[in-house]
Amino acid sequence: TLHPMQKNKKNRGLIAVIIIAVLLAQEFSFFAFGHRFSALVPFLNMTDGLSAKELASTQMGFDRSCSILREPAHIATFLLVPLVLELFWHSPEKLFTKYSIILIFGLLITRSGNGFLALMLVLCIKILQYNRTHYSIKNKIFLAFAILLAVVGAAYYIKTEQGAVMLART
């Protein structure tokens with residue numbers, strides 16, 4: 001018999017892929033037409049007293065896509081759960097799977113400061129765990145390169161205008 005976590009993997013995966021597809025469509029809409037469409041699900045109670053028209057117009061003016069939820073950090077939090085399950089529960093012997101790469105891409109699209117920080121933490125733990133179980137010189141070099149790339153990349157990103165805005169939001 002399957003563990004309950006394995007039974008629900010397919011449903012979580014489908015929902016996560018749909019959310020990422022909506023994020024991509026919102027980003028494409030912004031870069032092509034200058035605004036994002038609102039994808040809030042009407043029956044979810046996330047209006048805070050705003051009418052549907054007011055909510056849609058505020059969503060269109062956001063500087064970041066947030067798919068079917070109101071805030072990119074909410075999407076990042078939602079996507080982190082299947083990512084952690086995929087990396088540490090479903091495929092602990094692999095460094096990454098196709099599905100985990102799709103989830104990482106989705107987290108990066110959100111441009112959420114909380115999502116970035118959590119993603120860096122999860123990836124550091126995964127790389128360290130993988131390195132402990134797959135001991136070789138090649139993996140040690142990969143680990144050193146990954147840490148160097150993460151530090152240089154984070155330092156560069158923080159110095160950009162987008163990085164400064166992200167830090168101000170966090």
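Being a predicted model, the structure only gives us computed values, none of them experimental.
For the atom pair F96 CZ and L123 CG, the distance stands at 5.0 Å (nearest 0.5 Å). To the nearest 0.5 angstrom, L83 atom CG is 11.5 Å from I102 atom CD1. Considering CD1 of I75 and CD1 of I19, their distance stands at 4.5 Å, rounded to 0.5 Å. In this structure, CG on L107 lies 9.0 Å from OG1 on T77, to the nearest 0.5 angstrom. Atom CG of L87 and atom CG of L95 lie 8.0 Å apart (nearest 0.5 Å). Atoms CZ and CD, on F88 and Q129 in that order, are 5.5 Å from each other to the nearest 0.5 Å.
The minimum heavy-atom distance between G106 and L23, with the atom names listed, is O-CD1, 4.0 Å. When all heavy atoms of T110 and P72 are compared, the pair lying nearest together is O-CB, 3.6 Å.
Under a hydrophobic-cluster definition in which Ile, Leu, Val, Met, Phe, Trp and Tyr are linked whenever side-chain heavy atoms come within less than 4.5 Å, directly or via other members, I109 and M120 are assigned to different clusters. Both I15 and L24 are members of a single hydrophobic cluster when ILVMFWY side chains are connected at heavy-atom separations under 4.5 Å. Put simply, L128 and V84 are part of the same group of oily side chains (I, L, V, M, F, W, Y) that touch within less than 4.5 Å, one to the next. Under a hydrophobic-cluster definition in which Ile, Leu, Val, Met, Phe, Trp and Tyr are linked whenever side-chain heavy atoms come within less than 4.5 Å, directly or via other members, L108 and Y99 are assigned to the same cluster.
Every residue two or more places apart in sequence or in another chain that forms a side chain to side chain contact (heavy atoms under 4.5 Å, CB included) with A73 is listed here: E71, S112, N114. Remark: S100 pairs with T97 by the side chain to side chain donor-acceptor pair (under 3.5 Å) rule, at least two apart or across chains. With sequence neighbours excluded, no residue forms a side chain to side chain donor-acceptor pair (under 3.5 Å) with S29.
Considering only heavy atoms from C-beta on, I125 comes within 4.5 Å of L121 through its side chain.
Counting only residues at least two apart or in different chains, salt bridge (Lys or Arg N to Asp or Glu O under 4.0 Å) contacts with residues 18-27 comprise E27-R36, E27-R111. Within the structure, the salt bridge (Lys or Arg N to Asp or Glu O under 4.0 Å) test picks out no pair touching residues 94-104 (sequence neighbours left out).
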ask   = Hey, mind stepping through I20 and L79 against side-chain contact (heavy atoms from CB on, under 4.5 Å) and telling me if it holds?
value = CA-CA 9 Å; I20 292 169; L79 292 177; 4.1 Å; yes
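Using a 4.5 Å cut-off between side-chain heavy atoms of Ile, Leu, Val, Met, Phe, Trp and Tyr, Y156 forms no hydrophobic cluster with any other residue.
Counting heavy atoms of neighbouring residues, nucleotides and ligands inside a 6.0 Å radius, atom CZ of F105 does not exceed 12 of them.
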